[in-house]
Amino acid sequence: WLTWRGWGPFADEPVPVRFFVYQSCFMVLGLTAFVVSAIEQERIRLEGDLERRIHDRTEDLTRSEAFLSAVVENIPDMIFVKSVPGLRFVRFNRAGEELLGISREKMMGKGDHDFFPKDEADAFVRADQQVLEARKPVLVPEERIHTRLLGERWLRTKKIPVFSRNGGRSFLLGISEDITDRKTAETQRLRLVEETVARREAEKGLAQRDEFLSITAHELRTPVTALSLGAQLARRRLEVGGLTEVTRKLVLGLLSDLETESLRLAGLIEELLDVSRIQAGRLYLEFREQVDVSALVQKALSVLAPSLEEAGCALEGRIEPGVLGKADPDRLLQVVQNLVSNASKFGRGRPIRVSLRRDANAGRWILRVEDQGIGIEPGDLARIFGAFERAASLRSFPGMGLGLFVARQIVLAHQGKIEVTSQAGQGSCFEVSVPL
């Protein structure tokens, strides 16, 4: 129409030119309108897809939130979440409400000091801060908490820091298990074990008491019987009168036996008294400035010479002269006599070696008593120094099992030590080491 009417900016141009120009313009306009319309329709379609996706995503998030909430709510352990900083409660599950007796509405936005005693709240806050500073989960094996309905409870809590993507602190997650019943059961079990151990110890003590009474009766019966018989025979001889030289010697021999058995009985009684003193913590030592340990050992060996000869044990002594030390001479003499008597008892009639030397470098004197007797089994080495402990049968080797116990306590009182090395069937060696 514009072409044939001759209007427009190209009116002076020929008709075909004007027609072509106008037609091209309107074709461009039409194409543009078509493209714009298509773009608008695509925009509308994309907006619809986006809305559907947002809707679907929202529903997924809602379902996930509902699922997570259901899981958290149905977990039997207390679960809580605190905001950081501030450590204020922002999440709490039903198990926590039932445990503490506090509704979550009251918990939200508040801290530990709003609900718990100060010492407990301070402990909770310190633990939370340590977890956040460590930046890793921390297990609190036991923590006490006071609840409103259940009283004092014990919790086992795992605390986990939850950080945002930029590394800042965001939340603190806590999972607490109520272990009160388990702890109570464990306490009762431990109490039962302790009672069982105590009962066994009591039974062992009764058995040791019975054994002690048996051994004591056996040991005391011999000298008492000898004293009684000797006294009767001596009385009869004296009643006869007109004693001959042979009878007089016999009576003197009986009186000598009475004296020997009296001394033996006195020694047994003294051992029992030493045990009671040791157990009561009343084993006192009378120290002197210097004691001639060499002379003291020689004295002990001379006193024991008759009994060693009777046992058939030859004595091999290597006593270094002039060994001096600060000690209680009577108690030290008792140690030497106990060790040598023990060696003669179990030595099977073989030689006994006794040596004393001074170790100047260590500042100690060392006494060794070695026999070649029956020896000690490895399993018995740890217990032979106990009171009334024996490594051999009572029938074969009489005694109350007190000699080594008393000797060890005396050595320990001198700040020394006593050790034994032995091999079954080949003898034993006892070594005493005491500071000069």
Side-chain angles (χ1 to χ4, degrees), residues 54 57-194 197:
I54 293 174
R57 183 59 177 167
T58 302
E59 288 187 346
D60 290 342
L61 291 175
T62 302
R63 285 193 296 269
S64 298
E65 177 68 18
F67 174 74
L68 179 60
S69 297
V71 170
V72 171
E73 287 301 309
N74 287 279
I75 290 178
D77 297 333
M78 179 175 70
I79 296 180
F80 59 89
V81 179
K82 296 179 181 178
S83 62
V84 179
L87 295 175
R88 302 287 180 176
F89 290 101
V90 296
R91 187 71 184 264
F92 216 70
N93 70 340
R94 183 169 56 246
E97 289 182 310
E98 295 174 354
L99 175 64
L100 300 182
I102 306 173
S103 66
R104 71 189 73 187
E105 289 79 10
K106 292 183 179 180
M107 299 285 290
M108 295 302 99
K110 296 182 180 179
D112 293 311
H113 288 86
D114 296 318
F115 303 100
F116 306 110
K118 186 178 185 305
D119 57 339
E120 286 185 11
D122 290 341
F124 296 155
V125 171
R126 282 196 302 269
D128 293 344
Q129 292 173 345
Q130 290 174 359
V131 172
L132 295 172
E133 291 173 0
R135 301 180 67 85
K136 62 182 180 180
V138 173
L139 176 65
V140 183
E142 288 184 1
E143 58 181 358
R144 184 181 62 179
I145 187 171
H146 283 84
T147 67
R148 295 188 177 183
L149 300 179
L150 303 178
E152 183 180 270
R153 309 296 288 181
W154 289 89
L155 304 180
R156 184 175 185 268
T157 303
K158 186 70 171 289
K159 296 187 175 183
I160 305 167
V162 181
F163 298 101
S164 60
R165 291 185 177 180
N166 59 10
R169 299 170 181 173
S170 299
F171 299 99
L172 177 73
L173 169 64
I175 304 174
S176 297
E177 178 187 4
D178 187 353
I179 60 171
T180 306
D181 295 338
R182 186 191 312 168
K183 184 176 178 63
T184 302
E186 180 68 15
T187 301
Q188 293 175 349
R189 187 187 69 82
L190 292 176
R191 185 181 298 113
L192 180 61
V193 170
E194 291 174 355
V197 171

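Hydrogens, waters and symmetry mates are skipped; everything else that's a heavy atom, side chains included, is used.
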Contact summary for [X] and [Y], nearest pair of heavy atoms:
X: Met107; Y: Phe89; value: O-CB, 3.4 Å
X: Asn93; Y: Ile75; value: ND2-O, 3.6 Å
X: Lys118; Y: His113; value: O-NE2, 4.4 Å
X: Gly109; Y: Arg88; value: O-CD, 3.4 Å
X: Ala121; Y: Phe116; value: CB-O, 4.2 Å
X: Ser176; Y: Asp77; value: O-CB, 3.3 Å

Considering only distance and modelled atom types, tabulate donor-acceptor pairs under 3.5 Å from the side chains of residues 138-145, sequence neighbours left out.
residue : atom : partner : partner atom : Å
Glu142  : OE1  : Lys183  : NZ           : 3.1
Glu142  : OE2  : Lys183  : NZ           : 3.3
Glu143  : OE2  : Thr157  : OG1          : 2.6

Hey, are the side chains of [X] and [Y] touching, using non-hydrogen atoms and a 4.5 Å cut-off?
X: Val84; Y: Ser170; answer: no
X: Leu172; Y: Ile160; answer: no
X: Val90; Y: Lys82; answer: no
X: Ile79; Y: Leu173; answer: yes
X: Thr187; Y: Thr184; answer: no
X: Met78; Y: Asp178; answer: no
X: Ile179; Y: Leu155; answer: no
X: Arg135; Y: Phe163; answer: yes

- [ ] Identify, with sequence neighbours excluded, every residue that meets side-chain contact (heavy atoms from CB on, under 4.5 Å) alongside Leu192.
- [x]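 Only Glu195, Thr196 meet the side-chain contact (heavy atoms from CB on, under 4.5 Å) criterion with Leu192.
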[X] side chain to [Y] backbone, donor-acceptor under 3.5 Å:
X: Glu120; Y: His146; value: yes
X: Thr180; Y: Arg153; value: no
X: Asp122; Y: Asp119; value: no

Open item on the list: Atom CZ of residue position Arg63 - does it have more than 12 heavy atoms of other residues, nucleotides or ligands inside 6.0 Å?
Closed with: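 Yes, because the 6.0 Å sphere around CZ of Arg63 holds more than 12 heavy atoms from other groups.
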Open item on the list: Pair Leu87, Asp112 - check side chain to side chain contact (heavy atoms under 4.5 Å, CB included), show working.
Closed with: CA-CA 8 Å; Leu87 295 175; Asp112 293 311; 5.8 Å; no
Open item on the list: Among residues at least two apart in sequence or on other chains, which ones pass ring pair (Phe, Tyr, Trp, His ring centres under 6.0 Å) with Phe115?
Closed with: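 Once residues adjacent in sequence are excluded, Phe115 has no partner under the ring pair (Phe, Tyr, Trp, His ring centres under 6.0 Å) criterion.
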Run the salt-bridge test on [X] and [Y] with the 4.0 Å N-O cut-off and return the result as yes or no.
X: Glu186; Y: Arg189; result: yes
X: Arg182; Y: Glu177; result: yes
X: Glu73; Y: Arg104; result: yes

Open item on the list: Check for me whether Arg91 meets the cation-pi criterion with Phe80, that is, NZ or CZ under 6.0 Å from the six-membered ring centre and within 45 degrees of the ring axis.
Closed with: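 Geometry flag: not set, cation outside 6.0 Å or 45°.
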